[in-house]
Amino acid sequence: MAKIKEGGLSTALQQLDRRWIFLLVAVGAILPILFPIGLSVTVTPPVRDLFDRIESLTPDDVVMVSFDYGPTTKPENGPMAAAVLRHCLARRVKVVVLALFPIGGGAMATEELDRVAAEFPTLRYGTDFVNLGYKDGGQASMKQMGEDIARVFPSDSRGTPLSRLPLMQKVRNYRDIKLVVSLATGIIGDWWINLINAQFGTPVAVGCTAVSAPKFYAYYDSHQMIGLLGGLKGASEYERLLLDAYPQVKPVYDNPMIFNAMRGMDVQTIIHAIIIGFIIIGNVAYFLGRSRAARV
Amino acid sequence: MFLRVQLPLLLTFLAGLIPIVAFFFTEKARLVKVPNDRLEKWMIIIAGFAIMLGVVNVVQGNIRKIERKGPGWHYAIFLLIGLVLPGSFGLLGAFNVGPFHGISPHADGSPSPFSFFVSYVFQPLQATMFSLLAFYVASAAFRAFRVRNLEATILLLAAVVVMLGRIPLGESLFAWIPGGKLALGTFTEWLMNNPNTAAQRGIMIGAALGAASLSLRVILGIERSYLGLEKD
Amino acid sequence: MSIELIGTWIAALLTLCLFSFLYKDNPFFRFAEALFAGVSLGYYIGQTANNTLKPNLVLPLVHDFRGNYDLVIPALLGLNLYTRYIPRIAWMARFSLAVYVGYYTGVNMVQKLQGEVLPQAGATMMPLLGAFPIAGTTALLVTLAATALVLGLIDSARGHLTRGAVIFVSTWIVARVVAQVAFPLAADALDNLLLFVGVIMVLIYFFFSLEHRGAVGGMSRLGIWFLMLGFGAAFGYTVMGRVSLLIGRMNFLIIDWIGGTVRAIGG
């Protein structure tokens, strides 16, 4: 109190120990997890475009899902990956999973595919879906898959030669792939667009982290990609569309033990409000300080 | 001199030229496509070796730190333990040595030594380290986001509009105005598709032209710093 | 106690060690930070050995050496990278580095020009006049905004940089609001104009060979405004991204760790 009297409210606010801010952010994150609000999200065109594209596919079609993220952005990319995989498997569209992100991409691919595939006990590994695992090489691997996927991935993530997987008998290169969905934390999402879509013409959609979403709007506008999921909001929109079209997936999204993006948006709402509040308070303190300085 | 300078520059030129030339030919041009295919296949393996170069650097640096007993040297021991345990589990698992079979979880769902490290040490450490940024972004918004001038005001307004327009409550902030339902959400989408796209596109085109010209300098041997050589 | 629960406890304690930095720097954080760096590299070793070196190099050479003898070349080039750690022959690593950097540089050059510059430039040059039958109205509104752009540039050339930019932006906003209310199809044409102007102005801002004075200064000023809008949007999205990562950890601590332990105790 003495401090406030001495230097004024603006000084007190400007010198506020940042640990109070940290505490408020932590409380804002914890409360909505304990007491979900259940806010509904609206769907934007870039998300609907990807959903509609997968809706247009038949059980003979193959979608390639590339795990180009690691544990650092799992809360953002994970729900997207799960929703896209769930959508494909619910439609009986064939899925080829791979990972190109060195710091944890392979682990993410195995974790998400194993979890989602377990929800569809009638679908069989090797026939309906395949996990090729992680590969080094970046652009070299991606370009080589345009010629022959088996040259890049002689075996799948479990070491089984591709020649023993019935699905991979039908899929030789990008010509046999109807859509590539890259769940990306950074530059690899760009490569699918500016290398693979540009040179092979394969349709590409990207589920990116929120940080890189503004950049991907430029690719979306130039029609170099057919759909875009930007951050947790994009993931929550996809979950909404999936739930509306496939009520059978509802138990998964109702399960409090499984994290989903729609629940995450509750927390986003609270913390965004806190941060906007901080911006307003910070500016009020700034102007109070300026007017006081002008008076002095 | 030829071996140490000219030959590496020649190799860069050839390795860089092959994918560029191959781009202009179809698969039928075997004379061009075969070397390009080979190079791509080899590059996957070389990249595998290259990615592990960092490991040697870190091990060397930390062993030196322990030997000198410099400040915080005991943390270097934990770093090396953290590196050696999953690294050796991974190597032994990859080549099925002794009781180690693969690096994935076992068929019965139980974790392999490597996958245990991945799930319960690697993943939480990676995820938590980056989640700390949420706290600092809030602190930065409080301390640095000021309406100082016109440019700063534009930046701040765009940030607030996007922050509000991308959360469920904010999207319908103007629902009380007739026809205002989802107005902010729609405006945010417009902002992303138009002014934001213009800015991102300008940056992208500028950066891509810069990267392409740098690539040309590398291939032609003008830029040599990556080989530890000075420019002529 | 199941192995999963033991693992969850290890993960939770490591999470708390890192979070402790928010209060202040301390030995628990330093320990977890060191482990973080080490384990990340250990992960590389396992992944690369299992997923690249074994299936793409070792097994093909072991099973069919004659059919894959060419793989000896990348193996030697890869191993040769490590000669940089032997001072006497460190220069030899240049051969491998040259091939590695050369290849990716070549790929990158084509990728940037064909995959970014050309399509992005193409998408910027969109039709400014809308479809029949409202072509007249569209032409009128677009001409109005374009005229304001020219007038703004003339004003900038006379030294009024900000005023020149304001003339264009304010006229464009009026035309766009009119279009939104009365002529929706004209709105697309105006958006295309804005996009075109925005891209050109941002590029001019980054073009440092010309002094940013007069009309160029006015265009550069407008470019900064576009950039600020873009950076502002990026900041908004960055907040969402960072918060998402925090949600993930909080969710783990509450649901997986505390919830999991309570369930395990409760049987």
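All values below come from the heavy atoms of this structure, side chains included, with hydrogens, waters and symmetry mates left out. Proteins come first, then strands; the chains are lettered A, B, ... in the order of their sequence lines, and each starts at number 1.
- Between the OG1 atom of C:T52 and the CZ atom of B:F49 there is a distance of 10.5 Å, given to the nearest 0.5 Å.
- At a threshold of 4.5 Å between non-hydrogen side-chain atoms, the residues C:I6 and B:Y120 do not count as touching.
- Looking only at heavy-atom pairs under 4.5 Å with chain B, the residue among C:I204, C:I200, C:L195 that has the most is C:L195.
- Contact count versus chain B (heavy atoms, under 4.5 Å) is highest, among C:W9, C:W225, C:Y104, C:Y82, for C:Y82.
- Contact of the C:F206 side chain with the B:I205 side chain is not registered, since no non-hydrogen atoms from C-beta on lie closer than 4.5 Å.
- Comparing C:G232, C:G46, C:A37 by heavy-atom pairs within less than 4.5 Å of chain B, the highest count is held by C:G232.
- Interface remark: C:V197 contributes no atoms to any contact with chain B (heavy atom separation under 4.5 Å).
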From CA spacing to verdict: side chain to side chain contact (heavy atoms under 4.5 Å, CB included), C:L71, B:K41:
CA-CA 9 Å; C:L71 295 181; B:K41 199 170 139 191; 4.0 Å; yes
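- Atom OH of C:Y205 has 12 or fewer neighbouring heavy atoms from other residues, nucleotides or ligands inside a 6.0 Å radius.
- For a residue to count as touching a neighbouring chain, one of its non-hydrogen atoms must lie under 4.5 Å from one of that chain's; by this rule C:R249 touches chain B with the side chain only.
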Does the pair C:I45 and B:L83 meet the rule for a side chain to side chain contact (heavy atoms under 4.5 Å, CB included), with working shown?
CA-CA 9 Å; C:I45 298 173; B:L83 188 152; 4.0 Å; yes
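- With chain C as partner, the option from B:L85, B:I219, B:V56 having the largest number of non-hydrogen pairs under 4.5 angstrom is B:V56.
- Here the straight-line distance linking atom CG of B:N193 with atom CG of C:L194 works out to 12.0 Å at 0.5 Å rounding.
- Here the CZ atom belonging to C:F19 is positioned 5.0 Å from the CZ atom belonging to B:F135, to the nearest 0.5 angstrom.
- Only the side chain of C:V202 comes within contact range of chain B, with heavy atoms under 4.5 Å apart.
- Checked by atom type and distance alone, the side chain of C:K54 pairs as donor or acceptor with a backbone atom of B:A94 at under 3.5 Å.
- Put simply, the side chain of C:R94 never gets that close to the backbone of B:V5: no donor and acceptor are under 3.5 Å apart.
- A heavy-atom distance below 4.5 Å is found between the side chains of C:F235 and B:M163.
- The parts of B:V121 that come within reach of chain C are both its backbone and its side chain, each placing non-hydrogen atoms under 4.5 angstrom from that chain.
- For C:A123, the parts lying under 4.5 angstrom from a heavy atom of chain B are both the backbone and the side chain.
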Side chain to side chain contact (heavy atoms under 4.5 Å, CB included) between C:Q47 and B:I51, worked out:
CA-CA 11 Å; C:Q47 280 288 314; B:I51 211 165; over 6 Å; no
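- Rounded to the nearest 0.5 angstrom, C:R176 CZ and B:N194 CG are separated by 7.5 Å.
- Of the candidates C:Y44, C:Y43, C:F36, C:Y43 is the only one forming a ring-ring contact (aromatic ring centres under 6.0 Å, His included) with B:F122.
- Between atom CG of residue B:L227 and atom CZ of residue C:F95 there is a gap of 10.5 Å, rounded to the nearest 0.5 Å.
- Counting heavy-atom pairs under 4.5 Å between each of C:V39, C:T162, C:L81 and chain B puts C:V39 at the top.
- Looking only at distances, no side-chain donor or acceptor of B:R201 sits under 3.5 Å from a matching main-chain atom of C:V199.
- One distance of note links CG of C:L76 with CD1 of B:I45; it measures 11.0 Å at 0.5 Å rounding.
- A heavy-atom distance below 4.5 Å is found between the side chains of B:R166 and C:Y237.
- Within a 6.0 Å radius of OH in C:Y85, more than 12 heavy atoms belonging to other residues, nucleotides or ligands are found.
- Contact of the B:F95 side chain with the C:V58 side chain is registered, since non-hydrogen atoms from C-beta on lie closer than 4.5 Å.
- Counting non-hydrogen atoms of other residues, nucleotides and ligands closer than 6.0 Å to CZ of B:F78 gives a total of 12 or fewer.
- Looking at C:I224, only its side chain comes within 4.5 Å of chain B, counting heavy atoms on both sides.
- Counting non-hydrogen atoms of other residues, nucleotides and ligands closer than 6.0 Å to CZ of C:F28 gives a total of 12 or fewer.
- Within 6.0 Å of CZ on C:F196 lie no more than 12 heavy atoms contributed by other residues, nucleotides or ligands.
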